[in-house]
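Structure first, then comments.
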There are 2 protein chains.
Amino acid sequence: MIYFNSGDELLLVLEALSNQQRLKIIAVLSEGKQYVSQLARELGISRPLLYLHLQKLEEAKLVSSDMEILESGKAAKYYMLNPVQFEINEQMIHALAPSLTMKKKN
Amino acid sequence: MIYFNSGDELLLVLEALSNQQRLKIIAVLSEGKQYVSQLARELGISRPLLYLHLQKLEEAKLVSSDMEILESGKAAKYYMLNPVQFEINEQMIHALAPSLTMKKKN
DNA sequence: ATCATATGTAATGATTTTATTACAGGTAAT
DNA sequence: ATTACCTGTAATAAAATCATTACATATGAT
């Protein structure tokens, strides 16, 4: 279960989830870990773009990664889904809103 | 409680929630209905921008509006929060991902 | 050596989102 | 009729996000 300690943390997760591609990535990874190139093929998107999406998911701590060796002997970067489960309601938004820092993003 | 009938519906809500200003709007409206001009003053943002945010929240069915007459006699557009409560987990994302239509937005 | 398949990232471009300024129109009170 | 509010939107600008192309590097197999 995911708990949010600040508005910024909540927002980070919501932003990570508010994209079709990233939702699809989560859907695929929910079936098991996968490495980047294979994942890009399955989703039909370019690898650089996939990196970008994975980075956002990783920043929100929704996925993790590690390097593994394929049967072929080549190194591959595997991504796996962290447990994703949380509730949203107006009380929590009200409670966390004050800790939203009005950032301008880099 | 909010239920999602498709990936697109889920995404619409997530997109509506993935913005600081809109989270703050929800926080303010959770304390009670408010009219646009007053809300803009409270949030310290321009009215045209607020309209844009409110429109997104309304499309996601998170808020509703109606015209009312102020004590002063002037017409005001009041916005109020609809019940916001739902759960997110990987099973539902997996189930709804196939019904994500890869849109290019207008 | 060449091919096939991996990772990783720089540079660039296209599109969307966010935000401001500037209008036009309405009602009520002084 | 001027002031002080309100709604509503067009036009534009600024910033962030999304997406592609191109390249460098590495490993194993033929």
Could you give the [atom1]-to-[atom2] distance, from [X] to [N], as a whole number of Å?
| X | N | atom1 | atom2 | result |
| --- | --- | --- | --- | --- |
| A:Gln21 | D:dA19 | CD | C1' | 9 Å |
| A:Ile69 | D:dG28 | CD1 | C1' | 12 Å |
| B:Asp66 | D:dT7 | CG | C1' | 14 Å |
| A:Leu54 | C:dT7 | CG | C1' | 13 Å |
| A:Leu50 | D:dT20 | CG | P | 12 Å |
| A:Glu71 | C:dA4 | CD | P | 21 Å |
| B:Arg22 | C:dT16 | CZ | P | 16 Å |
| A:Lys74 | D:dA29 | NZ | C1' | 7 Å |

Practice prompt. Kindly indicate, with the supporting measurements, whether the criterion side-chain contact (heavy atoms from CB on, under 4.5 Å) is fulfilled by A:Gln34 and A:Leu29.
Written response: CA-CA 7 Å; A:Gln34 192 54 279; A:Leu29 290 183; 4.0 Å; yes
Under 4.0 Å: is that the gap between some side-chain N or O of [X] and OP1 or OP2 of [N]?
| X | N | value |
| --- | --- | --- |
| A:Tyr35 | C:dA6 | yes |
| B:Lys56 | C:dT18 | yes |
| B:Ser72 | D:dC6 | no |
| B:Ser46 | C:dT20 | yes |
| B:Gln20 | C:dT18 | no |
| B:Asn19 | C:dT17 | no |
| B:Arg47 | D:dC5 | no |
| A:Arg41 | C:dA6 | yes |
| B:His53 | C:dA19 | yes |

Discussion item. What's B:Tyr51 touching, base or sugar-phosphate or nothing? Going by heavy atoms closer than 4.0 Å.
Written reply: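 B:Tyr51: base contact, heavy atoms under 4.0 Å.
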Practice prompt. Sorted by first residue and then second, give each ring-ring contact (aromatic ring centres under 6.0 Å, His included) pair with at least one member in residues 24-51 of chain B; sequence neighbours left out.
Written response: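 Residue pairs passing ring-ring contact (aromatic ring centres under 6.0 Å, His included), neighbours aside: B:Tyr35-B:Tyr78.
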Worksheet item: Ring centroid separation for B:Phe86 and B:Phe4, is it under 6.0 angstrom?
Response: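 For B:Phe86 and B:Phe4, the ring centres are under 6.0 Å apart.
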Using the side-chain heavy atoms of [X], tell me which of these nucleotides is nearest: [options].
| X | options | value |
| --- | --- | --- |
| B:Lys77 | C:dA6, D:dT7, D:dA10 | D:dT7 |
| A:Ala76 | D:dA4, D:dG28, C:dT7 | C:dT7 |
| A:Leu52 | C:dT18, D:dC18, C:dA4 | D:dC18 |
| A:Pro48 | D:dT20, C:dT18, D:dC18 | D:dT20 |

Practice prompt. Any chance you could measure B:Ile2, atom CD1, to B:Lys61, atom NZ, to the nearest 0.5 Å?
Written response: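 Between atom CD1 of B:Ile2 and atom NZ of B:Lys61 there are 10.5 Å.
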Worksheet item: Without hydrogens or angle criteria, can the side chains of B:Gln85 and A:Glu87 be said to hold a donor-acceptor pair below 3.5 Å?
Response: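 The answer is yes; a qualifying pair exists.
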Worksheet item: For B:Glu58 and B:Tyr79, does a side-chain donor sit closer than 3.5 Å to a side-chain acceptor?
Response: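 Per modelled atom types, B:Glu58 and B:Tyr79 side chains form a pair under 3.5 Å.
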